[in-house]
Engineer: 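This is the structure, below, for whatever I ask next.
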Amino acid sequence: MADGQIHPRVRQALRLDQGILDAFGMTLVKALDGECEISCTVPPGLVNAAGFAHGSIAFALLDTGCAYALSSTGARGVTLNANTSYIKGAAAGSRLRAAVKLVSRTKRIATLRGEVFLEDAVEPLLAAHGSFVFQLIPVT
């Protein structure tokens, strides 16, 4: 993680979210100016009976990325609604990277969009995408 690529408010959230980050093996790459990149390697324990990464991994990358993208603007929020579409499965050990961007923000609501890429191929492949609505909460 490059120091200049992480907003100070996101650094505070990272400390509080350590359990979630550890459970999914997430690494924050960037969280600045309403954008976030976060990645993980699919843990063997989170592969389903079909041999693919459980959908919760892509969802968690998107949801967590949204929270950090929002935090990078000085705001904080919680997920009200999420819509995730899964495109391509990933195996244990596959590298996934989510790229999330803040789309709009009012006094009470923020909308974000993101994509998860399977990084194992020569060119990254779209594995999932989603849109999220966050309710803004007071920053403490």
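Hydrogens, waters and symmetry mates play no part in the numbers below; they use all other heavy atoms, side chains included.
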Engineer: Is there a donor-acceptor contact under 3.5 Å linking the side chains of T79 and D63?
Structural biologist: yes
Engineer: Do V133 and L61 sit in one hydrophobic cluster, given that two such residues count as connected whenever their side-chain heavy atoms are within less than 4.5 Å of each other, even indirectly?
Structural biologist: no
Engineer: Is S72 reaching over with its side chain to a backbone N or O of G34, donor-acceptor style, under 3.5 angstrom?
Structural biologist: yes
Engineer: Answer yes or no: is there a donor N or O on one side and an acceptor on the other, between the side chain of S94 and the main chain of A91, under 3.5 Å?
Structural biologist: yes
Engineer: Decide yes or no for P43 and I57: does some side-chain heavy atom of the first lie under 4.5 Å from some side-chain heavy atom of the second?
Structural biologist: yes
Engineer: Same cluster or not: V10 versus L136, using hydrophobic residues (I, L, V, M, F, W, Y) connected whenever any side-chain heavy atoms lie under 4.5 Å apart?
Structural biologist: yes
Engineer: I'd like to know if L125 and I38 are part of one continuous hydrophobic network [Ile/Leu/Val/Met/Phe/Trp/Tyr, side-chain heavy atoms within less than 4.5 Å].
Structural biologist: yes
Engineer: Looking at every non-hydrogen atom in both residues, tell me the closest pair between A53 and V42 and how far apart they are.
Structural biologist: CB-CG1, 3.6 Å
Engineer: Would you kindly confirm whether L14 and L70 end up in one hydrophobic cluster when ILVMFWY residues are joined by side chain heavy atoms under 4.5 Å apart?
Structural biologist: yes
Engineer: With sequence neighbours left out, which residue pairs that include part of residues 90-116 fulfil the salt bridge (charged side-chain N to carboxylate O under 4.0 Å, His left out) condition?
Structural biologist: E35-K101, E37-R97, R97-E119
Engineer: Measure the spacing between OG of S39 and CG of L28 and express it to the nearest 0.5 Å.
Structural biologist: 8.5 Å
Engineer: Treat each ILVMFWY residue as a node, draw an edge where side-chain heavy atoms are under 4.5 Å apart, and state whether F52 and L62 are in one component.
Structural biologist: no
Engineer: Using a 6.0 Å cut-off, check whether atom CD of E123 has over 12 heavy atoms from anything other than its own residue.
Structural biologist: no
Engineer: Would a distance-only check, ignoring hydrogens and angles, find a side-chain to backbone donor-acceptor pair under 3.5 Å from Y86 to A127?
Structural biologist: no
Engineer: Between D17 (side chain only) and I20 (backbone N and O only), is there a donor and an acceptor less than 3.5 Å apart?
Structural biologist: no
Engineer: Between L46 and F24, is there a side-chain heavy-atom distance shorter than 4.5 Å?
Structural biologist: yes
Engineer: Kindly say whether the aromatic ring centers of F132 and F59 come within a distance under 6.0 Å.
Structural biologist: yes
Engineer: Working to the nearest 0.5 angstrom, can you tell me the gap between M26 CE and T41 OG1?
Structural biologist: 12.0 Å
